[in-house]
Amino acid sequence: MEAPSTYQPGQPIYLDYCATTPVDERVFARMTPFFTTHFGNATSRHHAFGWDAREAMETARFQVAALINARPGEIVFTSGATESINLAIKGVMQPHRNGSPHLITTAVEHSAVRNTCRFLEAQGVAVTYLPVDSAGRIDLDELEASITAQTRLIAVMAANNEIGTVYPLAEIGQIARRHGVLFFTDATQAAGKIPLDVAQDQVDLLAFSAHKIYGPKGIGALFVRGGAPVIDLSPQTHGGGQEQGLRSGTPHVPGIVGFGEASRLAQMVLSEESQRVLLLRDRLESALLARLPDAQVHGAQMARLPNLTHLAFNAVEGKDLIGAIHPVAASLGAACTRTGGPSPVLKAIGLTDDEAYASVRFSVGRFTTEAEIDYTVDVVERAVRRLRQPFLEQHTPRYPADV
Ligand SMILES: *Cc1c(COP(=O)(O)O)cnc(C)c1O
């Protein structure tokens, strides 16, 4: 997929790469034979159809593992990050044989982690939700101080999907190891954008997903550290015993092949691509701030992902703005609507409801162009000024001199 060098006004502009990405055409090309001619079941042991599928799957396992510096045998294929997260957290926490187990997480996790923790709380698991500062950061001393004799797991994401905060995995890994607690990280947004190294960072469990790195939807992986001490993970899906018994079911071979190729490409272009998206993100952010000086970037003061900016536009509803910036596709972050309540992440960093509702997330990616960014800045500026008009008329006292 060649990025167009020119932008024709009116063409859709996709600035929601944090929600999902298009499948890279190189990935798609690898996948297609595995739907049609190479359709074998990777667990069929007695013919070439099965062997071909198995071989492709094991190549992919190697490629996926390499992206996070894991060994192929430490990768379990799942249907996506949500399933990986459920397997990791429930798999560690659920077989509580003695006492009431405890788990530590943060107030800013993705709903897949948050709601899995809520589910476990209802089952008698004690959960500590670490608060964050205005940039989304946790306090590592507070993390360490919340570890008790009952703590089994620390679940801290690698990078936040709404404001981009990057978490210090190596430091958290050290704390976890020192106390004999397992460390799980949701690296769905970090993968392919910042280097990940499970060995160096002492990560025990890590989840990520193909569709956030230019692979297909419906395929993900859970890294489960091998070696001692052995991780006792209880499977959440029972059946034929595929994926070392941790995830039964016929493997989604085309998806796995696509995930492998997406991971290979992500690793190959990581440093170059993150530089490129950083320039595009900064171009967008600085132009918006220059033209709309009372806009405010969330988490701008710390280490954050290179590809996203989440801004509050004073005196505008985010959902109105999203609707008014056609043909630009952006996002409110996660589940942030007047009916669904404000985003827990934006609340956790200390925003008021109004500030949270006034926020919009733009995320750029592999196929974003400068021309698209420049057009977006114009569209957003115009929409903000237009939407503010009635709001300001309602809220600003009128003096005769103004007329
Ligand atoms: C997208 C996302 C998920 C969910 O991934 P799926 O593969 O769609 O289930 C989980 N965590 C984070 C941080 C995400 O960005």
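Whatever order the structure lists ligands and atoms in, that order sets their numbers, starting from 1. Since we're looking at a predicted model, the values are computed, not measured. Scope of the values below: all heavy atoms of this structure, side chains included, with no hydrogens, waters or symmetry mates.
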Using a heavy-atom cut-off of under 4.0 Å, does the side chain or the backbone of H211 touch ligand 1, or both, or neither? side chain
Cationic tip of R118 above Y129 ring, under 6.0 Å, 45° of axis: yes
Using only heavy-atom distances, determine whether the side chains of T78 and E83 contain a donor-acceptor pair under 3.5 Å. no
Tell me yes or no: between the side chains of T352 and D354, is some donor less than 3.5 Å from an acceptor? no
Element-labelled atoms of ligand 1 that are located less than 4.0 Å from some non-hydrogen atom of G80: 7 (O)
Would you say the side-chain atoms of D204 pair up with the backbone N or O of I231, donor to acceptor, closer than 3.5 Å? no
State whether the side chain of Y14 and the backbone N or O of D16 hold a donor-acceptor pair below 3.5 Å, judged by distance alone. yes
Give the residue and atom name of whichever protein heavy atom lies nearest to [atom], and the separation in Å to one decimal.
| atom | result |
| --- | --- |
| atom 9 (O) of ligand 1 | T82 OG1, 2.5 Å |
| atom 13 (C) of ligand 1 | D186 OD2, 3.3 Å |
| atom 5 (O) of ligand 1 | A81 CB, 3.2 Å |
| atom 2 (C) of ligand 1 | K212 NZ, 2.5 Å |
| atom 7 (O) of ligand 1 | S209 OG, 2.5 Å |

Does the pair R283/E370 count as a salt bridge with the N-to-O cut at 4.0 Å? yes
Are any of the side-chain nitrogens in E273 or R366 under 4.0 Å away from the carboxylate oxygens of its partner? yes
Among H110, E109, K217, which one has a heavy atom closest to atom 12 (C) of ligand 1? H110
Are any of the N/O atoms in Q189 less than 3.5 Å from those in ligand 1? yes
